[in-house]
Number of protein chains: 2
Amino acid sequence: MLDPMATDRITMEDVAARAGVSRALVSIVFRGVPGASETTRERVLAAAAELDYRPDSRASRLGRRRTRTLGVTFAVGASFHGDLLQSLYTHADAAGYELVLSGVTADRPEVPAVETLLAERCEGLILIGCTLPASHLARIGARLPLVSVLRAVRADSVDVVRTDDAAGLRLAVGHLVGLGHQHIALLDGGRAPGATERRRGYRSALRQAGGLRETLLPGGLTELEGAAAALGFTDRQSAGPTAVAAFNDRCALGFIDNVRQHGLRVPADVSVVGFDDISQAAYPHVALTTVRQDADRLAAAAVKAVMARLETLGKPSPPTASVIEPELVVRSSTSPPGRN
Amino acid sequence: MLDPMATDRITMEDVAARAGVSRALVSIVFRGVPGASETTRERVLAAAAELDYRPDSRASRLGRRRTRTLGVTFAVGASFHGDLLQSLYTHADAAGYELVLSGVTADRPEVPAVETLLAERCEGLILIGCTLPASHLARIGARLPLVSVLRAVRADSVDVVRTDDAAGLRLAVGHLVGLGHQHIALLDGGRAPGATERRRGYRSALRQAGGLRETLLPGGLTELEGAAAALGFTDRQSAGPTAVAAFNDRCALGFIDNVRQHGLRVPADVSVVGFDDISQAAYPHVALTTVRQDADRLAAAAVKAVMARLETLGKPSPPTASVIEPELVVRSSTSPPGRN
DNA sequence: TGTGTCTACTAGAGCGCTCTAGTCTTACAA
DNA sequence: TTGTAAGACTAGAGCGCTCTAGTAGACACA
């Protein structure tokens, strides 16, 4: 086999020769730093274009003191992670950083995903919905800025950026109580990131509403679990809850879907509030009342946290936590109870 | 600010010193190539572990002739792309390659996404659902192996890996015809990758069924467009189609959702077939009859196509096309018509 | 004893950039 | 005229690896 990398293989040297300048000057031009006259700059760019040259980012990052890259792990297929990625690209770019993505799948656990990023010598790590043990994270955090997004972790030098999950559920329950619901169930998230806090928020809201009855339905991250919960729900409907606060939108959607198929009406027979505000929630035919997590602010806070640590390197500071306030988005999946 | 990269900064040199061997030997051990005795190997590994050393992949890729990386672009948030990524990780790994991901979002078009990968000196590119013009792709394909996944492109040295979209729609329509439907609408995909072929398949199937009436509903990629199509559909229901073949599952799901909200029953009043077989389609409460695209086989074919070109480099061969046969998955969203 | 073959290891020249410490002009002030 | 300062440019030593060419030593064989 021929050497796949040998094909053409145009380097700065070639561009320099063609433009009749030194390699260093080409570097200056491509980095966009001052030190080249306008005419030479154009000549270099022209030569590069003719050769279809583009700088080698491996070499560039190696030669540079700073790599100017941020490593990001995310769950492949998780739609809210996708929303975050989108905003992360924007905010990292604004801060002059590139993103290096590392996907987590069933066959590619978090540890190798993170290792890849460390080997890439990213300057900081942003782990979305990471479930690694705190001790593990602390070890990594000791070496470079690390922020856990969507999951609260108590570990040295590990910053956390998350939505105020408890407040989110207080909003959801408060909304339902305001509509007159007296029996509100929680479609639970189990061990998923944020689930503990949401449970806590649910309970505190019930207490605050005068000690309403608590009902936990086992739920989960996807429509599947929501739909499963609907099964048990429709049975005991007569004496059951009149409203449900779900762990997330997907779960809520699955629940609604199945509950409707069993003849119940939403919101007439049962009101449902989601969590996340994924794009589907806003579709007119869905119109899910939900608690919005602000992907853009979360992403901004994550990038900012990394930048802050980068600037105070060497002076280990206590972990910070950016807790973004969620927002209730009222749409059509909730109404006063008992409108039979 | 301190130099963020200066922190510890452990190199092979440090490991070599600690283990009492040369730098080259450490390299040998970490690459896992023969040339080190078992005892030294262990000593080196131990030294590395003590220092928490891990090889710098930038430097490694630069020094090596081959980078052993495959660049992948994908649309952030597209769930079928996520399924493909998952399988791509597996197949690339099996071929001894690493993946470099580059996400496409609203603010990050395909061109910069691809440029990043080229700058990274990937050995080959896998573009998922890429919409760049053929001429642009041909220019890139002339320099390195390039495969377009999910989208048919006729361009020199650009391989294509896709599902047989036309056959998929023939399966869908055939299934509906078999159930007795005489008037089948296509919920169209417009300019989305694969949409043209599916339209073609739809038409040829109608012809083959004896020239059934053609009805095109404007659709799209998401639930939103499916739901919108449902609006017009329910109006003319009396004389309208009894079945719908949708561009994809999400679109089908949106359609079903909205059509149900308008009082129609699926499949009793209208049968619906999707396309893709995303994970939600299989959920029991959804049970969508659909045409499955095999993400794993698509991913395998994509990696294989790149490998094939890598092996015959220098001898430009004609573009190949791997057309993966789709499979009809019959679930509960279809039934014979007129069961009112 | 010499020759050859193995295995275990090392020296050192790359890989394609960056960036510091220069050199060489030219301009302008004193 | 000299001094000096700014601007445009270059030489060359890294960055942390890889990998070829080579050395040293052990062992076998004639």
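Proteins get letters first, then strands, A, B, ... in listed order; numbering begins at 1 in each.
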Got a sec, which residues hit side chain to side chain donor-acceptor pair (under 3.5 Å) with [X], two or more places apart in sequence or on another chain?
| X | answer |
| --- | --- |
| B/Glu13 | none |
| B/Thr105 | none |
| B/Asp296 | B/Ser87, B/His91 |

Start with the C-alpha gap between A/Ser102 and A/Thr73, add the side-chain angles, then the distance that decides, and say whether side chain to side chain contact (heavy atoms under 4.5 Å, CB included) holds. CA-CA 5 Å; A/Ser102 192; A/Thr73 63; 4.3 Å; yes
Residues of residues 21-40 of chain B with a heavy atom under 4.0 Å from any atom of DNA chain C, listed by number, are B/Val21, B/Ser22, B/Arg23, B/Ala24, B/Leu25, B/Gly35, B/Ala36, B/Ser37, B/Thr40
Just the atom pairs and distances: protein N or O near nucleotides 5-7 of chain D's N or O, under 3.5 Å.
none

All N/O donor-acceptor pairs, side-chain side in residues 146-158 of chain A, below 3.5 Å, sequence neighbours left out:
residue  : atom : partner  : partner atom : Å
A/Ser148 : OG   : A/Arg151 : O            : 2.7

Please round to the nearest 0.5 Å and tell me the distance separating atom CG of A/Leu99 and atom CZ of A/Phe74.
->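 Between atom CG of A/Leu99 and atom CZ of A/Phe74 there are 10.0 Å.
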### Message
Tell me whether B/Ser60 contacts the main-chain N or O of B/Asp56 through its side chain, where contact means a donor paired with an acceptor under 3.5 Å.
### Response
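A pair under 3.5 Å: no.
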Checklist entry - Do the non-hydrogen side-chain atoms of A/Arg54 and B/Arg121 ever get within less than 4.5 Å of each other? => result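 In contact.
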Footprint ends on DNA chain C, 5' to 3', for atoms under 4.0 angstrom from a heavy atom of chain A, come out as C/dG16 to C/dC19
Quick one: list whatever passes salt bridge (charged side-chain N to carboxylate O under 4.0 Å, His left out) with [X], sequence neighbours left out.
| X | value |
| --- | --- |
| B/Glu42 | none |
| B/Asp159 | B/Arg309 |
| B/Arg108 | none |

Query - Degree of bending in the helix from C/dT1-D/dA30 to C/dA30-D/dT1 once both end axes are built from five pairs, to 10° - result: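 That helix has its two terminal axes inclined by roughly 60°.
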Considering only residues two or more places apart or on different chains, which pairs with a residue in residues 130-142 of chain A satisfy side chain to side chain donor-acceptor pair (under 3.5 Å)?
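For residues 130-142 of chain A: A/Glu110-A/Thr131.
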